[in-house]
Amino acid sequence: MSDTLAPATTRKDWTSDQEVRWCPGCGDYSILAAVQMLLPELDVRRESTVFISGIGCAARFPYYMRTYGMHSIHGRAPAIATGLALARPDLDVWVISGDGDALSIGGNHLIHALRRNVNLTILLFNNQIYGLTKGQYSPTSEVGKVTKSTPFGSLDAPFNPVSLALGANASFVARTHDMDRKHMMETFRRAHDHRGSALVEIYQNCNVFNDGAFEQITAKEARPRNLIPLVHGQPIRFGIEREKGVMLDGQGRARIVDVADVGEEALLVHDERREDPSLAFMLSRLAEGPYSPTPIGVFRAVERPDYGSLMDEQLAGAQDRQGPGDLRALLHSSPTWEVSA
Amino acid sequence: MTDTATSPRPPEELDSVVIRFAGDSGDGMQLAGDRFTSVSAVFGNDLATFPDFPAEIRAPAGTLAGVSAFQVHISDHDILTPGDAPNVLVAMNPAALRSNLGDLPRGATLIVNADAFDDRALGKAGYASNPLTDGSLAGYRVYEVPMTSLTQEAAKEAGAKPRDAERAKNFFALGLLSWMYHRPLEPTLAWTEKRFADRPLVAQTNILALRAGWNFGETAELFESSYEVHPADLAPGTYTNVTGNTALAWGLVAASQLAKLPLFLGSYPITPASDILHELSKHKSFGVRTLQAEDEIAGVGAALGAAFGGHLGVTTTSGPGFSLKSETIGLALTLELPLVVVDIQRAGPSTGMPTKPEQADLLQAMYGRHGEAPVPVVAAMSPAHCFEAAIEACRIALRYRTPVVLLSDGYLANGAEPWRLPDVADLPDISVTFATEANHTGEDGEPVFWPYLRDPETLARPWALPGTPGLEHRLGGLEKQDGTGNVSYDPANHERMVRLRAAKVAGIARDIPPVAVDDPSGEADLLVLGWGSTYGAIAAACRRLRARGRQVAHAHLVHLNPFPSNLGDVLSRYRQVVVPENNLGQLVKLVRAEFLVDAQPITKVQGVPFRAGEVEAALAAFLEGRRDQRGNR
């Protein structure tokens, strides 16, 4: 990024001329809007912003952004973005992915990008279903899901994306949802500003193949009951009257309690900057699925050197010690001998 | 003593010799062979090597599966192969003897570590009786040397325990061979001290073993003679000894310098390609970024991402990894971004024989992708040629914005030969120009950037880097509208794009040298067409046939896709076209399909390269009509 401030922009400046072709009513529209409305608020330039996606409904995203972009291969966006981010630390690289793309076919690339802490902002659109291939269950679908490929119900236990990311020692992990633009924008802003890999799971409604998957958390009337807002430095409380809270019990487990029973001082105070990811992990396991009280917000935001900076330091160090590479010297670096005419 | 100590008898002069060191994979045979080679190179011999080792790091000691061998051919004249059969076999144990004896012609010299031939070791190697005593080696000049005990005895001076001292017996063998062939000891002494600087006892033990081997040769009345192989009369210049993988890695560094682009390697370790990753990871002062990726797909993906960002993106692999990269190569092809995919071929299919060479990935390189997906293919033909081939692959990739497959194999990768170093100033300029401004006028009359407007000559599209204001564009795997690059399902547009991509690759034929034909008399009726690592064996076979008064022509392809533009003419000039390959006949299929020529295969798929003698015999059969037009005997 240049030293001078980026020119002022509006949402329109970030919108490409391509017609958006998601199904009417798809949660992807609100995510796209949140990103296009956030970017003018950030000190970023169109030409230095790159969106890289894999395959899936969400992966069409880059076509709709008036930035550089690549719609790549199913699951491989984190790998391709890793190469770009390492080659070009001056760029803002975003990865757009879905639950099948990031957690099934591309699960390996996701966890390795996170453990390396490559400077990427990864948005994971989780709708718990395969949309583009028209309705098979996904690696985040609940057990027993009846779909075209599982007429007798799915048998495999789902991934929890936040738990998975924390297990990979991701330095920034958050969850937001497509029904709250303000929360999305704030979460994306935090993720963007984070140096290193930032993973944001977005509960995203697929109104065609999995309508209402998250409504027990995200619907306006349900939120007070089931959405547990995570706010750094605040006791974790929720409920219509904020009467519920989260505390650690005597065995060190996170439990949902009535504040009246335990008193506010007994509640867990959320600390996203805690080095040890165990507490964040426990919070990620609080709900078995998006139908009981579920934390939304930033689970973890810790500082850890990003891979690209470490790589650049190694290169700079080598150049300091040895000077810039000399091709002739390289070719003569093994023993040589002369043959005269 | 000094390394110039004279032997009691004047040395016999040889014009060349082939030596094979063979032992258990823990016996340090690769090291002994490598040291012998380095010293011979600096001494000025021409040489070629063939390391042959098991994939297992430590196969069960003393078994046939664990045998590791290193063959080196040194010569006072220009040679092309590591030699068909060893003149000398050093066998450190019964298994090494048993698995290598079949290659040894009668009358050859056999030097065995007599200490290793006890009942247990003989049993492990499957010998019912001791070959040293049962008369089965009668046809050879056998020297039984108690290498283990002599090494242990010599190492006592350094205070090494017998068990540790025993591990230096490869240095004893190296010392003995150095005496036999008048190799100076100094370079190896200096190397040993440097290599084991932090382990003085190991250094001292090895040095004592090396000297003991030399002294044994000189003082034991065992050997009739020592031998001299004079320096070769090579073209004037500065030489170094180089393996194919090192030359290839250096070629990539050179290409990055010549292109003025940083080099980015995304790679996953795989035999026999890993040494390129190792070598490139050292050269950070050249701005080389190496990523040891989580898998093969990530390796090529990261390289492609770096290419999108304006780096010279490269991935290195071998067959199984090459298969995994197919989808990303297809993406690079449709994105029309430069990418170099290096495949160091090994014996397949599947895991196959990882340390053994084969040339069976040619058709995969040509066709191993879904859809109509042509990519240029370049093949290296000798260890040193890997340097030039790497630069050429990068040149094509950058100029035509296309993935290029660079084929080498395990034989070239680990084999070494003297290389006359090029003058850096003579290397080609392969620099590229990035798009910086709009290239089209939109419907509204405003300037716009169309990422798929092509250069009329090369058909390459402009390369606009992220970070360039005003040229923001989206690339993708979906079919693109010609010009704008927008997603398009228009049937006629798809056909146009498929044909454009094919025409772009085909057009590279105008930009590569015509294939040269080696036909000294101009009277040959038979053309041998080769590609890749068979070069040495074919060229040597042709020399031998010509020395016997037979006429044969040889053409060797570096560019497999597209073919050089004169290839059809060349093929049509000869009555017979014969194609030796280490596969079941892949290039032969391509030339038959492309040129309707009745080319005939000579094939070998044993995980070992052709010997010159094998090619010579097969060609002689064709010349004498003992093989018909179908290649049957």
Side-chain angles (χ1 to χ4, degrees), chain A residues 16-18 45-52 55 62-63 65-88 90-91 108-109 111-112 311 314-315 317-319 321-328 330-341, chain B residues 38 41-44 187 231 234-242 250 253-254 257 262 264 266 283-287 289 291 293-295 297-298 301-311 313 327-328 331 335 420-422 424 466-478 486-487:
Chain A
S16 81
D17 60 356
Q18 298 296 296
R45 293 163 184 272
R46 269 200 326 236
E47 67 267 22
S48 301
T49 303
V50 187
F51 285 86
I52 306 234
I55 295 293
Y63 288 122
M65 297 300 300
R66 196 170 160 197
T67 63
Y68 285 90
M70 188 195 293
H71 176 221
S72 74
I73 301 176
H74 205 16
R76 315 305 170 200
I80 292 169
T82 291
L84 180 63
L86 297 181
R88 294 290 304 278
D90 57 311
L91 301 175
N108 197 33
H109 306 306
I111 57 176
H112 287 274
M311 184 179 260
Q314 270 195 348
L315 261 63
Q319 285 171 351
R321 282 192 308 276
Q322 302 162 22
D326 176 345
L327 186 56
R328 191 185 176 281
L330 173 65
L331 302 188
H332 288 74
S333 59
S334 294
T336 61
W337 67 97
E338 296 295 325
V339 173
S340 45
Chain B
S38 295
V42 176
F43 181 68
L234 301 172
T238 305
Y239 283 76
T240 195
N241 186 44
V242 73
W250 290 358
V253 173
Q257 298 273 301
F264 186 102
H283 300 305
K284 305 207 186 306
S285 65
F286 286 86
R289 286 175 175 77
L291 173 71
E294 59 269 25
D295 60 28
I297 298 171
L304 180 60
F308 184 40
H311 282 218
E327 190 181 10
T328 310
L331 176 66
L335 299 184
R420 188 159 67 105
L421 290 170
V424 168
T468 314
L471 306 194
E472 294 85 2
H473 62 278
R474 276 63 58 193
L475 300 174
L478 290 171
N486 290 331
V487 175

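Every heavy atom of this structure was used, including side-chain atoms; hydrogens, water molecules and symmetry mates were not. Order of the sequence lines sets the chain letters (A, B, ...), proteins ahead of strands, with each chain counted from 1. Since this is a predicted model, take the numbers as computed values, not measurements.
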Novice: Of the backbone (N, CA, C, O) and the side chain (C-beta and beyond), which part of P469(B) lies under 4.5 Å from a heavy atom of chain A, both, or neither?
Specialist: both
Novice: Where on S334(A) is there a heavy atom nearer than 4.5 Å to chain B: the side chain, the backbone, both, or neither?
Specialist: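 S334(A) touches chain B through backbone and side-chain heavy atoms alike.
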Novice: Heavy-atom pairs under 4.5 Å with chain B - which of D326(A), T82(A), L331(A) has more of them than the others?
Specialist: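 Looking at each option in turn, the highest pair count goes to L331(A).
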Novice: What part of R76(A) gets closer than 4.5 Å to chain B, counting heavy atoms only: side chain, backbone, both or neither?
Specialist: side chain
Novice: So for L471(B), is it side chain, backbone, both, or neither that comes closer than 4.5 Å to the heavy atoms of chain A?
Specialist: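 For L471(B), backbone and side chain are both near chain A.
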Novice: Heavy atoms, side chains only, cut-off 4.5 Å: are I73(A) and I297(B) in contact?
Specialist: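 No, their side chains stay 4.5 Å or more apart.
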Novice: Begin from the C-alpha positions of F308(B) and V50(A) and carry the test side chain to side chain contact (heavy atoms under 4.5 Å, CB included) through to its verdict.
Specialist: CA-CA 10 Å; F308(B) 184 40; V50(A) 187; 3.8 Å; yes
Novice: Can you tell me which portion of M311(A) sits under 4.5 Å from chain B's heavy atoms? Options are side chain, backbone, both or neither.
Specialist: side chain
Novice: Between A41(B) and chain A, with a heavy-atom cut-off of 4.5 Å, which part of the residue counts as in contact: side chain, backbone, both or neither?
Specialist: both
Novice: With no hydrogens and no angle check, just 3.5 Å: does a side-chain donor-acceptor pair link E338(A) and T238(B)?
Specialist: yes
Novice: Among the options V253(B), N486(B), L304(B), pick out the one with the most heavy-atom pairs lying under 4.5 Å from chain A.
Specialist: N486(B)
Novice: Please list, chain by chain and in numerical order, all residues satisfying side-chain hydrogen bond (donor to acceptor under 3.5 Å, both in side chains) with H311(B), sequence neighbours excluded.
Specialist: none
Novice: I need the residue from E472(B), K284(B), R289(B) with the largest number of non-hydrogen atom pairs under 4.5 Å to chain A.
Specialist: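 Highest number of pairs under 4.5 Å: E472(B).
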Novice: Quick one: of A298(B), P262(B), G467(B), G309(B), who has the most non-hydrogen atom pairs under 4.5 Å with chain A?
Specialist: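 Highest number of heavy-atom pairs under 4.5 Å: G467(B).
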Novice: What's the spacing between R328(A) CZ and Q257(B) CD if we round to 0.5 Å?
Specialist: 14.5 Å
Novice: Go through the atoms of A303(B) and report whether side chain, backbone, both or neither lie under 4.5 Å from a heavy atom of chain A.
Specialist: neither
Novice: Quick one: pull up CE in M70(A) and CG in L475(B) and give me the separation to the nearest 0.5 Å.
Specialist: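 Going from CE on M70(A) over to CG on L475(B), the span is 6.0 Å.
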Novice: Taking all non-hydrogen atoms of both residues into account, name the closest pair between G477(B) and Y63(A) and its distance.
Specialist: N-OH, 4.4 Å
Novice: With sequence neighbours left out, what residues match E294(B) under salt bridge (Lys or Arg N to Asp or Glu O under 4.0 Å)?
Specialist: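 Once residues adjacent in sequence are excluded, the partners of E294(B) under the salt bridge (Lys or Arg N to Asp or Glu O under 4.0 Å) criterion are R116(A).
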Novice: Which residue out of L234(B), L421(B), L335(B) racks up the most heavy-atom pairs below 4.5 Å with chain A?
Specialist: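 Winner by heavy-atom pair count: L421(B).
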Novice: Is V42(B) in contact with chain A via its backbone, its side chain, both, or neither, using a 4.5 Å heavy-atom distance?
Specialist: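 When you check distances to chain A, atoms from both the backbone and side chain of V42(B) fall under 4.5 Å.
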Novice: Strictly distance-based, threshold 3.5 Å: is any side-chain N or O of S285(B) a donor or acceptor partner for the main-chain N or O of P324(A)?
Specialist: no
Novice: Hey, could you give me the NE2/CZ distance between H473(B) and R66(A), rounded to the nearest 0.5 Å?
Specialist: 14.5 Å
Novice: Could you tell me which portion of S38(B) (side chain, backbone, both or neither) has an atom closer than 4.5 angstrom to a non-hydrogen atom of chain A?
Specialist: neither
Novice: Hey, can you tell me if W337(A) and Y239(B) have their rings parallel, tilted or perpendicular (30° and 60° cut-offs)?
Specialist: parallel
Novice: So what's closer than 4.5 Å to chain B heavy atoms on Q322(A): side chain, backbone, both or neither?
Specialist: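 For Q322(A), the contact with chain B is made by the side chain alone.
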